[in-house]
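So the structure is just underneath, and the comments pick up after that.
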Amino acid sequence: MNDEEIFELIEEKTTRERGYSLLVKEYKEKIYWQIRRMVLSHDDANDLTQDVFIKIYQNLDTFKKDSSLSTWIYRITLNHSINFLNNKKRRLMLGFSSLENKMIDNLKSDPLFDSDEAELKLQKAILSLPTKQRAIFNLRYYDEMPFEEMSKILNTSQSALKSSYHFAAKKIQESLLKEDNIKFNLDN
Amino acid sequence: MSKSKMNQKEMTSKKNPFKVPENYFDNLEKEILSNKPKKRIEFSTTKILKYAAVVLLAIGIGTTVFYTLPVKEDTNIIARQTQDSFYKNSKIISTTQENEAIEELLLNQEKFVEEHNVENIEFSEQEYEYLEYYLHGDYNSYLTYNELDL
């Protein structure tokens with residue numbers, strides 16, 4: 001069942017609950033992984049995923065069909081993740097680098113993280129990017145999202161996104177090569 | 001091939017380094033669907049509770065103001081009455097004490113007269129004058145008078 005069909009079910013009061021169930025089934029993993037790559041911790045990602053679904057459910061009436069359902073959902077997810085990180089920084093009164101260090105430290109002892117040294121270095125390099133650029137990198141590199149869709153989600157031109165992704169990847173490549181002689185292949 | 005090239009590790013696969021607990025996504029779906037109506041109700045309930053709290057607070061403040069102000073006046077009246085009665089009682093106490101003191105003084109005077117046979121004492125004119133002033137409670141005037149006279 002595609003997004004349009006799911007939304008048609010949601011629009012109809014009698015089939016709304018069924019439509020929402022299908023939406024959860026379709027998007028639960030996509031949303032979780034998008035959040036997890038931003039916040040790194042499973043517990044935080046779990047809470048935020050549930051928050052995002054509540055937000056989606058509460059705002060289904062306000063969804064306008066001028067964008068696709070997936071674009072709308074990803075936008076909510078991304079905004080929620082970025083807000084969470086910003087609030088965490090503010091709450092802990094930490095600067096950007098301090099929060100990154102804290103996140104990496106937590107990752108080292110996280111049983112739900114593959115403790116491969118190279119992977120840890122890669123995550124560290126990704127974390128060194130500014131939040132929005134990190135989101136762009138994750139969406140393109142891990143989710144292989146087309147720049148066109150990213151452009152709608154982030155309200156940014158495709159050329160700006162391509163350039164941002166290119167610089168992010170280059171920065172990561174340089175960081176890994178410099179630190180541990182790890183060659184990071186970028187095939188996007 | 002250079003040594004650095006030989007030691008170079010390659011990261012080619014987009015391996016997902018993050019893991020989730022077993023059956024996590026099945027449970028997540030159940031949790032999301034079971035939380036959804038609850039959270040929605042919670043949201044509206046919270047809103048209603050907030051309004052109810054504001055209304056109750058307003059009623060509470062209104063009632064307190066309405067009932068407290070007259071009670072405050074009454075309290076003031078009672079306080080004034082209590083104060084007045086306190087002063088009155090103090091005066092009574094004070095008058096009683098004065099009377100007792102006078103009675104004691106008179107008694108002492110009688111005793112003094114009896115003991116010293118005062119009736120036979122002869123006083124000079126000046127002593128009489130002093131006694132008169134003394135009895136009228138105007139001893140200071142006597143002194144002044146005498147001083148002037150001197």
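In what follows, chains are A, B, ... by sequence order, proteins preceding strands, each numbered from 1.
In this structure, CZ on A:Phe53 lies 8.5 Å from CD on B:Glu29, to the nearest 0.5 angstrom. Atom-to-atom distance recorded for A:Ile31:CD1 and B:Ile32:CD1 is 7.5 Å, nearest 0.5 angstrom. Rounded to the nearest 0.5 Å, atoms CG (B:Asn16) and CZ (A:Arg37) are 5.5 Å apart.
At least one side-chain heavy atom of B:Leu28 sits under 4.5 Å from a side-chain heavy atom of A:Gln50. At a threshold of 4.5 Å between non-hydrogen side-chain atoms, the residues B:Pro21 and A:His42 count as touching. Between B:Phe18 and A:Leu107, the closest side-chain pair of non-hydrogen atoms falls below 4.5 Å.
Both the backbone and the side chain of A:Asn46 have a heavy atom closer than 4.5 Å to some heavy atom of chain B.
The minimum heavy-atom distance linking A:Gln123 with B:Pro17 is given by the pair NE2-CG, 3.8 Å.
In the hydrophobic clustering of this structure, B:Leu56 does not group with B:Val65; members are Ile, Leu, Val, Met, Phe, Trp, Tyr whose side-chain heavy atoms approach within less than 4.5 Å, directly or through other members.
Sparse packing is recorded around NZ of A:Lys25, with 12 or fewer heavy atoms of other residues, nucleotides or ligands lying under 6.0 Å away. The number of heavy atoms from other shown groups lying within 6.0 Å of CD (A:Glu4) does not exceed 12. A 6.0 Å sphere centred on CZ of A:Phe167 holds no more than 12 heavy atoms belonging to other residues, nucleotides or ligands.
In terms of modelled atom types and a separation under 3.5 Å, the side chain of A:Arg36 and the main chain of B:Val20 share no donor-acceptor contact.
When the side-chain contact (heavy atoms from CB on, under 4.5 Å) test is applied to B:Lys30, the partners found at least two apart in sequence or on another chain are B:Asn27.
In terms of heavy-atom pairs under 4.5 Å with chain B, the best-connected choice from A:Leu112, A:Thr49, A:Asp114 is A:Leu112.
A perpendicular orientation is assigned to the rings of A:Tyr32 and B:Phe25, their planes being inclined by more than 60° (bins at 30° and 60°).
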